[in-house]
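Report on the following structure.
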2 protein chains.
Amino acid sequence: MSEKLGSGKQDRYMQPSILMALLDGRSHGYELLQHIGEYGFLKGDAPPGMIYRHLRQMEDEGLVVSQWDASGSGPAKRVYAITDEGREVLDAWVAYMERHAASLVAFVERYRSRS
Amino acid sequence: MSEKLGSGKQDRYMQPSILMALLDGRSHGYELLQHIGEYGFLKGDAPPGMIYRHLRQMEDEGLVVSQWDASGSGPAKRVYAITDEGREVLDAWVAYMERHAASLVAFVERYRSRS
DNA sequence: TGACATATATGCGTCAAGCACATAGGTTAA
DNA sequence: TTAACCTATGTGCTTGACGCATATATGTCA
């Protein structure tokens with residue numbers, strides 16, 4: 001039955017999740033992959049392609065900045081850091097999510113209260 | 001700033017809104033248009049084309065059934081009623097929305113608690 | 001030297017959203 | 001009476017994000 005919900009295309013909140021993770025410090029795509037699932041918006045793992053595309057787009061929009069890091073072992077990493085503009089956008093996201101949560105709760109309430 | 005949120009493509013929850021409205025009794029597209037905004041998931045008015053497409057698709061899936069009503073004034077209306085399967089899907093939607101709201105609240109909490 | 005983990009990125013098909021537009025019946029006012 | 005408007009239901013087209021598969025490259029370990 002639940003397979004009819006939203007055709008599997010729910011909002012994954014990739015952008016705010018990435019920005020939130022970057023609040024804790026600079027990181028790179030592959031590392032972010034393993035952490036943004038913690039927020040509960042993804043069912044399984046985040047698709048790698050998605051992360052990198054979001055990061056690139058967010059850099060175009062000035063929300064993050066990147067820098068290559070070739071130190072350490074393994075291939076070079078593109079390390080991202082959040083910008084002031086990114087912080088503002090995250091703040092707006094949180095405000096939006098708060099309103100959205102309120103609407104959801106009200107909807108659920110309304111449904112539950114009609115026995 | 002907020003124009004960067006989700007590129008304006010937030011989840012409108014059209015399907016559960018329609019099902020919820022039909023719980024209060026049979027109705028038709030044009031009438032639903034004026035009521036499903038009450039749930040707070042739409043910024044302005046719902047786009048008419050969207051409603052009718054959803055209703056058609058939901059009828060294909062067996063969530064609603066329709067019947068022409070030529071009585072009364074004005075053009076004929078296609079009146080929809082929710083089915084048992086529609087009720088089950090709505091129930092699943094509500095459960096999903098409840099979990100989703102919890103994730104959102106947790107995210108907001110996490111953000112707010114880091115001063 | 002072959003398999004595997006790390007790390008980033010592109011290409012392609014699909015699907016829903018958003019918007020404009022088309023159709024048509026009925027009512028009302030100039 | 002006819003033009004404008006409200007009711008009512010749909011279709012067509014473009015765009016953009018998503019999901020998946022795939023490509024590329026480096027370093028490590030058996």
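Lettering of chains follows the sequences in order, A, B, ..., and the numbering in each one begins at 1. Computed from a predicted structure; not experimentally measured.
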[N], OP1 or OP2 - any side-chain N/O from [X] closer than 4.0 Å?
X        : N       : result
His54(B) : dA16(C) : no
His28(A) : dT6(C)  : no
Tyr30(B) : dT7(D)  : yes
Arg12(A) : dA17(D) : no
Arg56(B) : dG10(D) : yes

Subject >> Val79(A) or Pro47(B), whichever maps to the more 5' nucleotide of DNA chain C >> reply: Val79(A)
Between the side chain of [X] and the main-chain N/O of [Y], is any donor-acceptor distance below 3.5 Å?
X         : Y         : value
Ser103(B) : Phe41(A)  : no
Thr83(A)  : Leu63(A)  : yes
Glu98(B)  : Val105(A) : no

Subject >> Aromatic ring pairing Trp93(B)/Tyr96(B), orientation class (parallel under 30°, perpendicular over 60°, tilted between) >> reply: perpendicular
Where do [X] and [Y] come nearest, in terms of heavy atoms and distance?
X        : Y        : value
Tyr52(A) : Tyr30(A) : OH-N, 3.5 Å
Ser71(A) : Lys77(A) : O-NZ, 4.5 Å
Val89(B) : Leu19(B) : CG1-CD1, 4.1 Å

What is the distance from [atom1] of [X] to [atom2] of [N], rounded to the nearest Å?
X        : N       : atom1 : atom2 : answer
Trp68(B) : dG25(C) : CH2   : C1'   : 12 Å
Asp69(B) : dG25(C) : CG    : P     : 16 Å
Ile18(B) : dA16(C) : CD1   : C1'   : 14 Å
Leu32(B) : dG10(D) : CG    : C1'   : 15 Å
Glu61(A) : dG16(D) : CD    : P     : 13 Å
Tyr52(B) : dA16(C) : OH    : P     : 20 Å
Ile51(B) : dT7(D)  : CD1   : C1'   : 15 Å
Gln34(B) : dA8(D)  : CD    : C1'   : 10 Å

Original post:
Which letters describe nucleotides 23-30 of chain D, given B = protein heavy atom under 4.0 Å from base, S = only from sugar-phosphate, - = neither?
Top reply: ---BSS--
Original post:
Are Leu22(A) and Val79(A) grouped together when hydrophobic residues (ILVMFWY) are joined by side-chain heavy atoms under 4.5 angstrom apart?
Top reply: no
Original post:
The side chain of Met50(B) lies closest to which of these nucleotides: dG19(D), dG18(C), dG10(D)?
Top reply: dG18(C)
Original post:
For the helix from dT1(C)-dA30(D) to dA30(C)-dT1(D), what angle lies between the axis at the first five pairs and the axis at the last five pairs, to 10 degrees?
Top reply: 10°
Original post:
Salt bridge between Arg78(A) and Asp69(A), side-chain N to carboxylate O under 4.0 Å?
Top reply: no
Subject >> Between His54(B) and Tyr80(B), ring centroids under 6.0 Å >> reply: no
Original post:
Checking only heavy atoms, does the side chain of Arg53(B) share a donor-acceptor pair with the base of dG12(D) at less than 3.5 Å?
Top reply: yes
